[in-house]
Amino acid sequence: MKIAVVDGQGGGIGSAVIKKLREEFGESVQVIALGTNSIATAQMLKARANKGATGENAIVQTTSKMDVIIGPIGIVLAQAMMGEVTPPIAQAVSNSPALKLLIPLSQEKVEIIGFVSEPLPHLVDKIILRLKEYQTHV
C-alpha cells in the first residue's frame, strides 16, 4: 500500500501520522512525505517516511499515484495553511482516486459540524484503525 502524507508549515501533524504508521505497520507500507515546504518534508522524513518531495508540482504529480492520502483538512482547501496549499494542490488531492483520510484540524475558518474535538494523538489512532479496515477490503 502506498500512502502519501501531505502537510505544510512545520510538518508536525504529518510527522505524528508517520511515526504512528511505522509503529503499527512497520515497513509493510510505503510512506511518501509530501510537504508544501522543505521544513515540513524534512520533519516527515525524520519520522521515517520512505521518500519525500516538496512543493506544488511534487504533490500534484504524486497524489494521483497513491492508494491513500493522509493530512489535515486544509490540504483540500485552496489557500489554506497561510497560502501554502495552492489551488492546484487542493484540486489534485481532491481529484485523486486515493482514499483520503483528513484530520479535522485547521487554522482556517472552517468547522466540521457534528465533529467532536479530540487531541491529535486520538485522531491519529482513528486513522490507523481506518487503514486497517481499508487494508482488509482491498
Side-chain angles (χ1 to χ4, degrees):
M1 182 167 30
K2 294 186 293 186
I3 302 171
V5 179
V6 183
D7 200 5
Q9 299 190 311
I13 294 172
S15 294
V17 168
I18 292 169
K19 285 176 186 171
K20 193 68 171 183
L21 287 171
R22 287 293 174 229
E23 284 176 23
E24 294 293 325
F25 297 101
E27 297 299 321
S28 68
V29 296
Q30 184 179 16
V31 179
I32 311 298
L34 297 175
T36 59
N37 65 65
S38 58
I39 293 170
T41 305
Q43 290 304 313
M44 292 189 287
L45 284 168
K46 284 182 187 175
R48 296 185 40 225
N50 294 89
K51 293 191 241 184
T54 302
E56 180 182 280
N57 195 56
I59 295 169
V60 168
Q61 293 301 311
T62 307
T63 52
S64 66
K65 302 172 186 135
M66 297 292 108
D67 299 310
V68 178
I69 299 171
I70 301 172
I73 194 164
I75 65 175
V76 295
L77 300 172
Q79 307 307 338
M81 297 183 195
M82 297 176 64
E84 290 184 21
V85 178
T86 63
I89 288 173
Q91 184 175 14
V93 172
S94 297
N95 288 346
S96 172
L99 170 66
K100 288 159 261 322
L101 301 176
L102 303 176
I103 301 166
L105 298 175
S106 175
Q107 297 175 348
E108 318 316 316
K109 291 186 177 182
V110 174
E111 293 182 33
I112 309 293
I113 302 302
F115 168 73
V116 178
S117 183
E118 293 188 54
L120 180 60
H122 296 180
L123 297 171
V124 174
D125 288 342
K126 288 182 179 190
I127 284 173
I128 297 301
L129 289 173
R130 180 62 183 101
L131 278 174
K132 288 178 177 179
E133 275 178 23
Y134 181 74
Q135 232 180 3
T136 60
H137 293 97
V138 174

Ile69 side chain near Leu101 side chain, heavy-atom distance below 4.5 Å: no

What residues form a side chain to side chain donor-acceptor pair (under 3.5 Å) with [X], not counting sequence neighbours?
X	result
Arg130	none
Lys46	none
Lys100	none
Glu108	none

Any donor-acceptor pair under 3.5 Å from Asn50 side chain to Ile32 backbone: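 Not at all, since once roles are kept as given, no pair shorter than 3.5 Å links the two residues.
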
Whether Ser96 side chain and Val93 backbone form a donor-acceptor pair below 3.5 Å: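 Checking the backbone N and O of Val93 against the side chain of Ser96, no donor-acceptor pair under 3.5 Å is found.
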
From Gln30 atom CD to Ile3 atom CD1, the distance as rounded to the nearest 0.5 Å: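 Reported value, rounded in 0.5 Å steps: 9.5 Å.
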
Qualifying residues under side-chain contact (heavy atoms from CB on, under 4.5 Å), relative to [X], sequence neighbours excluded:
X	result
Gln135	Met1, Phe25, Val29
Ile112	Ile73, Pro104, Phe115
Pro119	Pro121, His122

Residue pairs, two or more places apart or on separate chains, that pass side chain to side chain donor-acceptor pair (under 3.5 Å) and touch residues 70-85: Thr36-Glu84, Asn37-Glu84

All pairs passing side chain to side chain donor-acceptor pair (under 3.5 Å) where residues 55-72 contributes a residue, at least two apart: Glu56-Thr86

Pairs satisfying salt bridge (Lys or Arg N to Asp or Glu O under 4.0 Å), at least one member in residues 25-42, at least two apart: Arg22-Glu27, Glu27-Arg48

Joint cluster assignment, Val6 & Tyr134, ILVMFWY side-chain distance < 4.5 Å: yes

